[in-house]
Amino acid sequence: MEDYDLLICGAGPVGSVIANRAAEELGWKVLVVEKRHHVAGNCFDEFHQSGVMIHRYGPHYFRTNNEELLSYLSRFTDWVPGNYIVKSCTRGELFPFPINLLTLEQFFKRSFSAEEAEAFLREKAIKIETPQNSEEFVLSRVGREMYEAFYKGYTEKQWGVSPSELDPSVCGRIPIRYNRDCRYVDHKHQLTPKLGFTELFRRMLDVPRVKVLLNSNFLEISRSIQPKFATVFTGPIDEYFGFRFGKLPWRSLHFDFVGYNEKFRQPCVQINYPNDYLYTRTVEIKHVTHQDCPNTVISYEYSRAEGDPYYPVPAKPNEQLFQRYWQLAQEEERSRSVYFVGRLATYRYYNTDQVIEEAFKTFDKIKARHKAA
Ligand code: UDP
C-alpha cells in the first residue's frame, strides 16, 4: 500500500470536504475508503430507470445561513432554487406544513391575524414550563388537537416510539409560524445543486492527491495502512468500537420508487401522512430538481429499525450510551489522531450544512495539530 497522510472512512459530505481541503490546502495525500459503490453518502442522487432524478436515500433539502460554506460549495456546483414546500394530509385534507396562519385558518375554519393566532394558541397550549420531550414540546406550543392531527402519528411511525420518549429537539426542528410563509425551513439560502449532490461531491473528490476506494471495508483496510498524520472516521461510532457497550439504536428507511407517466403527480415536493398508510411521506423530488421531463417518480418512504443507519434516535438512554463511546473516541483522537465526525460518528441529527460545518471544524483542528509536523 502507498503512503498516505490522511485516511478517511466514508465518502459522504464530511469525508469529501475534509479530503478536498487536506489535499488542496495542505498538499496531503488522502485515501478515502467508502463501503458503498458511490460517493456522496446519503445525499446520493441518481437517475431512476424512467430517466427521472431521484434522491436514493431520502430527500435532501439543502439550506444554510453560512455564507462561507455556501461559497465553498459553489466552487463545485451551480444551484437552482430550493422550492421546499411540504403539506400534511390529515382529516382527509392537505394542510400547509409547518403550521402557519394558513394551516390554522383551514384547521379551525376561521381567519386569524398573527396576534389573534398567538392568543388563540396560548389558550389551546398546555402550560409546560420546560418541555422534557417532543410530546410536551408540541403540546406546549399548539395544544392537543393539533398535536394529534399533525405530530403524534407521524412521529410514532418515523421513530417507532411515542414522542414522549424523544428529545424536545426532534419535533422542535419544525418551526411554528405566525405568518403565511409556507416554506419548509427558514434559512436564508435554500438551494439545490444544479446537476445533483453526487456530481457536487464527485467534483470535490476529483482533485490531485485524493484517491477514493469504493466498495471497500474501512476497518479491514485500516489494519494495513498507517497514515502519516491522521484518520477521519465518519461511520457509526458503536461499530468502530466493536459494539463493546452494546448497539446504539439507529432508525433506518425503506423507499419504494414508483414511476408515473405524467409531468407531476402531487402538488409539492413532500406530503406527510401522520395518520394514514404505513409510509410516513411521499416525495416527488422533481419539484426541487426542476428536471424537465414528461414523467415523474414518487418515493414512498417507510421507517424501520433494521437496515443501514440513517437517523440517531435522540433520547436520554441513547445519549448516555453514546457518551460512553464518545469517551473512547476522545481518547482515540488524543492517542492515535483518529477524528470522529458527522451524523453517524457523533450520533447527532445533523442536516447537510451542519455536517459540513462540523467537517470544517475538524479540518481546522487537524490542520492546527499536524500542519507543522
Ligand atoms: N414531524 C411530525 N409531523 C410531520 C413532520 C415532522 O411530527 O408532519 C416530526 C417527526 O418526529 C420528525 C421530526 O418532526 O421526525 C422532524 O421532521 P423533519 O421533516 O425535519 O425530518 P427529516 O426530514 O429529517 O426526516
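Every number for a ligand or one of its atoms is a count from 1 in the order of the listing.
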- Message: Is the ring pair Tyr339/His370 parallel, tilted or perpendicular, if the boundaries are 30 and 60 degrees?
- Response: perpendicular

- Go through the structure and list residues passing side chain to side chain donor-acceptor pair (under 3.5 Å) with Tyr350, not counting sequence neighbours. none

- Message: Tell me if the centroids of the rings in Phe233 and Phe218 come within less than 6.0 Å of each other.
- Response: yes

- Of all residues at least two apart in sequence or in a different chain, which pass the side chain to side chain donor-acceptor pair (under 3.5 Å) check with Arg209? none

- Determine the interplanar angle of the Phe255 and Tyr310 rings, folded into 0 to 90°, and report it as parallel if under 30°, tilted if 30 to 60°, perpendicular if over 60°. tilted

- Pairs in or reaching into residues 176-209: which pass ring pair (Phe, Tyr, Trp, His ring centres under 6.0 Å), with residues at least two apart or in two chains? His55-Phe197

Ligand 1: protein N/O within less than 3.5 Å of ligand N/O:
residue, atom, partner, partner atom, Å
ligand 1, 3 (N), Phe150, O, 3.0
ligand 1, 7 (O), Tyr151, O, 3.2
ligand 1, 7 (O), Thr155, OG1, 3.0
ligand 1, 8 (O), Asn272, ND2, 2.8
ligand 1, 11 (O), Thr155, OG1, 2.8
ligand 1, 11 (O), Trp159, NE1, 3.3
ligand 1, 15 (O), Trp159, NE1, 2.8
ligand 1, 19 (O), Tyr184, OH, 2.5
ligand 1, 20 (O), Arg173, NE, 2.9
ligand 1, 20 (O), Arg173, NH2, 3.2
ligand 1, 21 (O), Tyr349, OH, 3.0
ligand 1, 23 (O), Arg281, NH1, 3.0
ligand 1, 24 (O), Arg173, NH2, 3.2
ligand 1, 24 (O), Tyr349, OH, 2.6
ligand 1, 25 (O), Arg281, NH2, 3.4
ligand 1, 25 (O), Tyr311, OH, 2.5

